Amino acid sequence: MTPTLARHPRTHRTDGRARDWAEIQERMLVPLYEAVHERLEVGPRTRLLGIGCGSGLALLMASARGAAVTGCDPDDRRLELARQRLLPEPQWGPPVRSGGRTRLVPGGPEAVPVPEGAPFTMVTALDPGTAPAALVPALRAAAGLAERGSPVVLAGWGPPERCATGRVLRVAARLAEPRGASPAVRLSGRDDLEDLARGAGLRPDGSGRVSCPFGYPDMDSAVRGLVSTGLFDAAVAATDEDQVRKELREALHAYRRADGTVRMENVFRYLVARV
């Protein structure tokens, strides 16, 4: 099994890296978001809570299908970008009220107010970089805000042999080792998502796989996008960002095409569990 690095807490992200995530990297997961929304028939009757919602692309897609969405994330910079996407200020006149259909909360699900009379009908945790140690208590807290039987969707990397990016992430693990800074790993084994769900008191109820290729117009965009994930934070702390970017470029060279674009084929897996 290939380990996938889990991020350190994201409270120290720079504005530039948060924007790189929103503008470059987050879109790589659109096929995953679409597959989950389609399978669970997200629509006007859905009251969705997104754990680790980041800059809000998955919430925006669910909202476009008519869902009422609430997102929470500890990264203030990413959450501000989510506000700009989901709660834009009008150019003229007073602010338009969202009518309770959209809400963004800093922190984890424990900071989300208990819904009055209308519990959430769906919970998502679609960021595959979240550390298990943080995810399990977050899932427990979120489950307490949802209706009994509601789906809770977790996402992770697929089989190692079908995730080219896993080989690039080894750079992060190797550079983090000198100072013993290697973060917790989230394995991409067959039953890892099921084990996480059961650890949070949830009942696994089906899964799926989705192709999510990582494609970039050039090498600079590829480096910026991958660094924005936070998966290289420990490596930066152990060495420096210039060194990390240099070695990341070398690792990405194998995926650079003749026209200068960079593409890595990946498969992601999602699990549907029940409260």
Side-chain angles (χ1 to χ4, degrees), residues 4-10 21 25-26 28-37 39-40 42 46-63 67 69-75 78-79 82 103-112 119-147 149-158 183-189 191-210 212 229-231 268-275:
T4 296
L5 299 181
R7 288 190 304 267
H8 283 195
R10 296 181 302 184
W21 168 262
Q25 192 63 32
E26 189 177 22
M28 310 299 176
L29 299 178
V30 164
L32 170 66
Y33 301 158
E34 288 180 335
V36 169
H37 293 164
R39 175 163 178 169
L40 294 173
V42 170
T46 305
R47 297 184 296 277
L48 187 151
L49 171 60
I51 301 173
C53 69
S55 49
L57 182 55
L59 295 183
L60 183 65
M61 293 170 62
S63 179
V69 297
T70 296
C72 59
D73 198 287
D75 187 332
R78 288 191 180 184
L79 205 60
R103 181 170 50 181
L104 298 170
V105 180
E110 68 281 352
V112 176
F120 294 108
T121 61
M122 179 177 174
V123 177
T124 59
L126 301 179
D127 186 344
T130 306
L135 186 56
V136 169
L139 291 173
R140 288 173 178 161
L145 302 173
E147 290 182 351
S150 296
V152 179
V153 187
L154 316 180
W157 296 83
V185 294
R186 179 162 171 188
L187 299 175
S188 54
D191 298 321
D192 291 334
L193 294 179
E194 284 80 356
D195 291 343
L196 280 174
R198 293 189 184 97
L202 305 171
R203 174 175 55 85
D205 187 32
S207 63
R209 290 182 179 180
V210 184
C212 292
T229 64
L231 297 173
F268 281 77
R269 182 170 181 260
Y270 67 87
L271 173 75
V272 179
R274 299 283 173 176
V275 175

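Keep in mind that what you see is a predicted model, and the values were worked out from it rather than measured. We number each residue from 1, following the sequence as shown.
Asp205 has a carboxylate O that lies under 4.0 Å from a charged side-chain N of Arg274, or vice versa, which qualifies the two as a salt bridge.
In this structure, Val123 and Ser150 have side chains that are not in contact, with every pair of non-hydrogen atoms separated by 4.5 Å or more. Annotation: side chain of Leu40 is not in contact with side chain of Thr46 (no heavy-atom distance under 4.5 Å). When side chains are defined from C-beta on, Phe120 counts as touching Val112, because their heavy atoms get closer than 4.5 Å. Val42 has its side chain out of reach of Met61: every pair of non-hydrogen atoms, C-beta onward, lies at least 4.5 Å apart. In this structure the side chain of Phe268 never reaches within 4.5 angstrom of the side chain of Met28, judged on heavy atoms. Using a 4.5 Å heavy-atom threshold, the side chains of Glu147 and Val275 count as separate.
Of the residues Leu202, Asp195, Leu196, the one that meets the side chain to side chain contact (heavy atoms under 4.5 Å, CB included) test with Arg198 is Asp195. Put simply, the residue from Leu49, Val69, Val153 that forms a side chain to side chain contact (heavy atoms under 4.5 Å, CB included) with Met122 is Val153.
Across all their heavy atoms, Leu79 and Cys53 have their closest contact at CD1-SG, 3.7 Å. Contact record, Cys212 with Leu29: SG-CA, 4.5 Å, taken as the closest heavy-atom pair. The two atoms that bring Ala142 and Ile51 nearest to each other are CB-CD1, 3.6 Å, heavy atoms only. For Ala58 against Leu126, the heavy-atom pair with the smallest separation is CB-CD1, 4.4 Å. Across all their heavy atoms, Gly108 and Cys72 have their closest contact at C-SG, 3.7 Å. For the residue pair Pro132 and Pro137, the shortest heavy atom distance occurs at O-CD, 4.4 Å.
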Show your reasoning for whether side chain to side chain contact (heavy atoms under 4.5 Å, CB included) applies to Thr70 and Leu145. CA-CA 12 Å; Thr70 296; Leu145 302 173; over 6 Å; no

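Between the Ser55 side chain and the Arg78 main chain, no donor and acceptor come within less than 3.5 Å of each other. Between the side chain of Arg209 and the backbone N or O of Arg269, no donor-acceptor pair lies under 3.5 Å. Without hydrogens or angle criteria, Arg47 side chain to Ala146 main chain gives no donor-acceptor distance under 3.5 Å.
Rounding to the nearest 0.5 angstrom, the gap separating the CG atom in Leu59 from the OG1 atom in Thr124 is 6.5 Å. Atoms CD and CG, on Gln25 and Leu57 in that order, are 12.0 Å from each other to the nearest 0.5 Å.
Not counting sequence neighbours, the partners of Ala35 by the side-chain contact (heavy atoms from CB on, under 4.5 Å) test are Val210, Tyr270.
Every pair tested for salt bridge (charged side-chain N to carboxylate O under 4.0 Å, His left out) that includes a residue from residues 137-146 fails, sequence neighbours excluded, so the list is empty.
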